[in-house]
Amino acid sequence: MPVNVIDGRREWRLRDRRGTLLRWLGTFAAVLLFGISMQYISSLTIWEFVADSGRQIGDLFGRMFPPQWSYAPRLWGPLWDTVNIATIGTLVAVIVAVPITFLAARNTTPHAVVRLAALLVIVVSRSVNSLIWALIIVALIGPGVLSGIIAISLRAVGFISKLLYEAVEEINQEQVEAMLATGASKLQVIAYAILPQIRPTFVGVSVFRWDINIREATVLGLVGAGGIGFQLNSAINLLLWDRASLIFAMILVLVVLSEAISARIRQAIT
Amino acid sequence: MAAEPTPVRRWSPPPLIGNPVLRWLALLGVVAYLVLATGSIEINWVRVARGLERSQRLISEFLRPDFVSRWSHIQRGILESLAMAVSSTLIGTLLCIPFGLGAARNVSTPVVYMLCRVVIVLARSFQEVIIAIFFVVMVGFGPLAGMLTLSLATVGFLAKLLAEAIENTDPTQIEAMRATGANWLQIIVYGVVPQVFPRFVGLAVYRLDQNFRNSAVIGIVGAGGIGAVLTTAMSRYDYSVAGAILMTIVLLVLLAEYASGIIRARLQ
């Protein structure tokens with residue numbers, strides 16, 4: 001803790017002069033950046049619409065209640081599709097992610113060039129949101145549940161591989177050395193010395209991604225990739241807000257439920 | 001005298017689920033689910049085959065990115081995305097503090113706790129695109145709707161983690177402060193803030209990077225940003241422009257992640 005000497009009196013300060021200065025500069029930069037951003041955004045905003053927003057939202061909520069409960073039976077199918085897109089998408093992603101993980105981890109990769117290629121796959125997969133993947137896949141193979149599954153797994157592969165290869169790089173190397181000393185092959189080392197060590201992370205990451213995928217799968221239908229988002233899109237396009245509110249309610253229940261399940265499983269394994 | 005054959009001893013790893021009945025039931029359940037789930041997927045193989053035929057041309061267009069012809073649109077999209085990410089992170093960070101405090105069981109009252117938790121669950125459960133639909137209806141197309149969307153999503157994310165961080169603070173420090181007669185505000189400022197501040201700043205920086213990523217998506221429903229430019233390019237079948245936008249997004253996301261990683265490492 002810095003102590004300033006002022007007129008012979010010793011005074012305690014929380015930070016030294018440099019720290020205070022840096023802190024002020026940081027705050028100033030943040031405020032400046034915020035101001036520039038806000039100005040840019042407001043220059044692109046039509047303020048007449050914003051002034052009207054209170055009435056708009058009141059009108060919207062008026063139309064949303066009561067929800068059109070009679071439409072619910074026709075939503076079970078899309079809801080089931082949504083769950084399937086997330087679940088099968090996660091399964092496919094896990095199967096693809098495991099080999100990529102071992103190619104990307106520094107201690108298991110066969111060659112530095114292979115590692116670089118695996119890292120590139122992970123980076124590209126992670127940087128593109130599943131909705132954008134869906135946009136591309138729908139353009140390639142047409143709308144439907146299959147496109148949703150592919151889009152979800154394209155995004156999830158990078159997520160799972162990244163967290164897993166970091167776990168692989170942090171394993172206890174002694175077990176690997178012990179196995180190598182017995183003459184075990186590379187695959188045997190992975191199966192009996194590495195996999196048991198990363199199993200909790202593996203299950204945790206997969207379940208966590210599954211619950212994120214459920215959330216993402218609810219909107220894939222907006223670009224035609226299957227699931228309940230398709231019904232949501234058509235309800236909004238037809239301005240049937242009472243139907244849309246029913247869909248919102250179903251999405252809320254689904255997401256809260258899947259998050260609770262995933263949290264429960266993750267708690268059980270740690 | 002013949003040598004006695006050495007008995008072959010085989011070892012197999014212990015199964016994940018000890019109870020064999022439960023193990024087989026679980027396996028059966030998984031298989032049954034997979035059969036049911038894959039059965040309900042309708043795949044139009046004709047369409048897929050036709051798409052795969054075309055995909056070669058599509059992918060080759062994607063890989064010949066055209067940065068030039070629509071550069072002014074791309075540039076504007078990037079600027080919008082950046083402005084949305086920066087402003088929403090700041091707004092969200094400030095707004096999440098009251099909700100985070102309210103949703104922490106050890107410094108809040110039961111009624112406030114419930115209210116704040118409800119807000120957090122609502123803000124977190126809906127994908128950003130759904131929230132964006134609302135804000136686009138409210139304030140019209142453009143980056144303002146995107147900024148509001150990302151702010152709300154940031155509040156949900158940060159408030160939840162802030163509440164968890166506050167609940168995990170060392171209670172002895174707060175008790176000691178209470179014993180000196182400190183009021184609620186003093187306990188927060190001198191007892192709680194120093195304990196959660198480093199983690200909180202790290203999370204806020206992480207969220208900046210997340211907000212930038214999400215700003216690329218909400219354009220699909222008209223909330224501005226680079227996603228709007230991408231959607232336009234895709235719906236015009238302008239795949240080489242779309243390829244250029246995608247590469248720009250990947251590059252910028254990488255840069256944002258790298259920068260946020262460095263900042264977080266320095267803050268720790």
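Every chain is numbered from 1 and lettered A, B, ... according to where its sequence line falls, protein lines coming before strand lines. Atoms considered below: every heavy atom in the structure, side chains included; atoms not considered: hydrogens, waters and symmetry mates.
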Engaged part of [X] at the chain A interface, taking heavy atoms whose separation is under 4.5 Å:
| X | result |
| --- | --- |
| B/Leu90 | side chain |
| B/Val253 | side chain |
| B/Tyr237 | neither |
| B/Leu36 | both |

Handout entry: Worked verdict on A/Val145 versus A/Ile88 for side chain to side chain contact (heavy atoms under 4.5 Å, CB included)
Key = CA-CA 11 Å; A/Val145 173; A/Ile88 300 179; over 6 Å; no
Exercise for the section: Tabulate, in ascending numerical order, the residues of residues 228-246 of chain A having at least one heavy atom closer than 4.5 Å to a heavy atom of chain B, or enter 'none'. Expected result: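 Within residues 228-246 of chain A, the residues that come under 4.5 Å of chain B (heavy atoms only) are A/Leu232, A/Ile236, A/Trp241.
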Between [options], the one whose heavy-atom pairs under 4.5 Å with chain B are most numerous:
| options | result |
| --- | --- |
| A/Thr218, A/Val223, A/Leu33 | A/Leu33 |
| A/Ile136, A/Leu254, A/Val256, A/Ile149 | A/Ile136 |
| A/Ile57, A/Leu222, A/Val83, A/Val31 | A/Ile57 |
| A/Gly144, A/Ala139, A/Ser258 | A/Ala139 |

Practice task
Check whether NZ of the Lys or CZ of the Arg B/Arg124 lies under 6.0 Å from the centre of the six-membered ring of B/Phe157 and within 45 degrees of that ring's axis.
Solution key: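 Not satisfied by the 6.0 Å and 45° rule.
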Could you look at [X] and say if it's the side chain, the backbone, both or neither that has a heavy atom under 4.5 Å from chain B?
| X | result |
| --- | --- |
| A/Val203 | neither |
| A/Leu60 | side chain |
| A/Ile214 | neither |
| A/Phe248 | both |
| A/Gln39 | neither |

Over all atoms of both residues, closest heavy-atom pair of [X] and [Y]:
| X | Y | value |
| --- | --- | --- |
| A/Phe159 | A/Ile212 | CZ-CD1, 4.1 Å |
| B/Thr89 | B/Ala204 | CG2-O, 3.6 Å |
| A/Ser206 | A/Val94 | OG-CG2, 3.7 Å |
| A/Ala151 | A/Ser130 | CB-O, 3.7 Å |

Handout entry: Approximate separation, where rounding is to 0.5 Å, of B/Arg213 CZ and B/Leu252 CG
Key =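 Separation between the atoms: 11.5 Å.
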Exercise for the section: Look at A/Asp59 together with A/Arg55 and state whether they make a salt bridge at an N to O cut-off of under 4.0 Å. Expected result: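 No, no charged N to carboxylate O under 4.0 Å.
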Practice task
In plain terms, say whether B/Glu128 and A/Arg215 are close enough for a salt bridge, that is, a side-chain N and a carboxylate O under 4.0 Å apart.
Solution key: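 Looking at B/Glu128 and A/Arg215, the cut-off is met.
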Exercise for the section: Considering only heavy atoms, give the residues of residues 78-86 of chain B separated from chain A by less than 4.5 Å, sorted numerically, with 'none' for an empty result. Expected result: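 So far as heavy atoms go, B/Leu79, B/Glu80, B/Ala83, B/Met84, B/Val86 are the residues that approach chain A to under 4.5 Å.
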